Amino acid sequence: MGFMSVLSFAHKLIGERLQPGERAIDATAGTGQDTLFLARACGRRGRVYAFDIQAKALSLARRRLEKEQDSRLAEVTLLERSHAEMEEVLPADLHGRVGAVMFNLGYLPAEGADASVITLTQTTLTALEASLRLLRPKGIVTIVLYPGHQGGDEEADAVEKWASTLPPSAGQAIVYRQIQRPGAPYLIAVEKK
Ligand SMILES: C[S@@+](CC[C@H](N)C(=O)[O-])C[C@H]1O[C@@H](n2cnc3c(N)ncnc32)[C@H](O)[C@@H]1O
């Protein structure tokens, strides 16, 4: 049967914590798969903010959401901005009240996309720090990492170091990983204290 994929496990962890009507952030909108998941989980009284630095990604995400035509989805705000700016971009009254933040690092998985546009270690770390400040107590941040991609290994190491050295008073960090395949994608999740 096998274990759940890292993405499904991220969705499970978030689904167990995010409440209908809450706010959530997709830090790497890409094609919008996680944006749609968050919009379902937050429901029609909730709201999702989705960041991506590529207009192409946001238009794919928009198309995916429009195709759903589901009135039970949360309102989604697509932002062509770096996730490193999330604290400046989000309304001040949301600070400390966000239920979940999702990161899926690497490059846009779409035909014709520029694979040289990838998430970068420094901006990712800045955004992770900001995420912890934006989250409510017991809110969750999930990060899917790609150590098998060029640049992804260094970024994964840095994120793992960041999570493993977080003081327990800030939150609890876990890893979900197939340990016989060191190059396979894996998941880090942090639940804020
Ligand atoms: C692996 S993809 C995300 C996949 C997405 N969750 C999906 O469902 O398709 C990573 C995305 O991060 C975006 N990205 C790279 N640097 C970024 C940054 N600083 N801020 C926000 N998005 C960024 C890329 O443009 C790319 O679309």
Side-chain angles (χ1 to χ4, degrees), residues 4-15 18 23-42 48-68 70 73-74 76-90 94 98-134 140-156 158-160 162 176-177 183-189:
M4 250 181 210
S5 72
V6 289
L7 196 56
S8 301
F9 196 61
H11 288 180
K12 174 177 156 61
L13 292 174
I14 290 178
L18 197 58
R23 309 294 186 253
I25 299 172
D26 185 351
T28 50
T31 66
Q33 202 185 340
D34 294 333
T35 313
L36 178 58
F37 163 75
L38 291 170
R40 284 205 182 103
C42 290
V48 177
Y49 297 87
F51 290 80
D52 206 292
I53 51 171
Q54 293 192 74
K56 181 182 171 71
L58 294 172
S59 82
L60 289 170
R62 184 173 300 111
R63 208 180 308 156
R64 189 191 287 271
L65 293 163
E66 282 169 0
K67 242 171 58 190
E68 281 304 301
D70 185 345
L73 295 183
V76 177
T77 305
L78 297 170
L79 296 150
E80 194 178 338
R81 299 283 289 264
S82 169
H83 44 225
E85 301 170 294
M86 62 171 75
E87 252 176 327
E88 292 90 81
V89 172
L90 292 193
L94 280 192
V98 171
V101 187
M102 290 193 80
F103 289 80
N104 191 337
L105 303 177
Y107 57 83
L108 178 62
E111 209 181 300
D114 181 352
S116 71
V117 182
I118 54 170
T119 50
L120 299 174
T121 303
Q122 197 45 57
T123 37
T124 298
L125 292 175
T126 301
L128 286 170
E129 286 289 344
S131 300
L132 277 192
R133 289 189 289 271
L134 288 165
I140 183 168
V141 54
T142 61
I143 313 129
V144 176
L145 301 140
Y146 295 86
H149 294 172
Q150 204 182 2
D153 47 354
E154 179 213 314
E155 187 181 37
V159 171
E160 203 168 321
W162 171 81
Y176 180 69
R177 181 171 204 170
Y186 68 104
L187 174 75
I188 289 181

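In each ligand, atom 1 is the first atom listed, and ligand 1 is the first ligand listed. Values in this document were obtained by computation on a predicted structure and should not be read as measured data.
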**Q.** Short N or O distance, Q54 and ligand 1, threshold 3.5 Å exclusive
**A.** yes
Check residues 6-14 and write down every donor-acceptor pair under 3.5 Å in which the side-chain atom is one partner and the other belongs to a residue at least two apart or another chain.
residue : atom : partner : partner atom : Å
S8      : OG   : S5      : OG           : 2.9
H11     : NE2  : D34     : OD1          : 2.9
K12     : NZ   : E16     : OE2          : 2.7

of all protein heavy atoms, closest to atom 10 (C) of ligand 1 is N104 O, 3.2 Å
When only distance counts, is S82 in polar contact with ligand 1, meaning an N/O pair under 3.5 Å? yes
### pair L108-V117: side-chain heavy atoms closer than 4.5 Å
no
Residue, atom and distance of the protein heavy atom nearest atom 25 (O) of ligand 1 read D52 OD1, 2.6 Å
If we number the atoms of ligand 1 from 1 as shown, the ones under 4.0 Å from a heavy atom of I53 are 14 (N), 15 (C), 16 (N), 17 (C), 18 (C), 19 (N), 20 (N), 21 (C), 22 (N), 23 (C)
Note: ligand 1 atoms sitting under 4.0 Å from heavy atoms of A27 are 21 (C), 22 (N)
Here the atoms of ligand 1 under 4.0 Å from any heavy atom belonging to G32 are 7 (C), 8 (O), 9 (O)
among protein heavy atoms, the one nearest atom 6 (N) of ligand 1 is D34 OD2, 3.1 Å
Answer yes or no: is there a side-chain heavy-atom contact under 4.5 Å between K67 and R63? no
Note, V144 side chain near T28 side chain (heavy atom, < 4.5 Å): no
Sequence neighbours excluded, the answer for salt bridge (Lys or Arg N to Asp or Glu O under 4.0 Å) partners of E85 is R81
Atoms of ligand 1 under 4.0 Å from any heavy atom of L105, numbered from 1 in the order shown, are 1 (C)
Ligand 1 to T119, heavy atom cutoff 4.0 Å, flagged ligand atoms 12 (O), 14 (N), 15 (C), 16 (N)
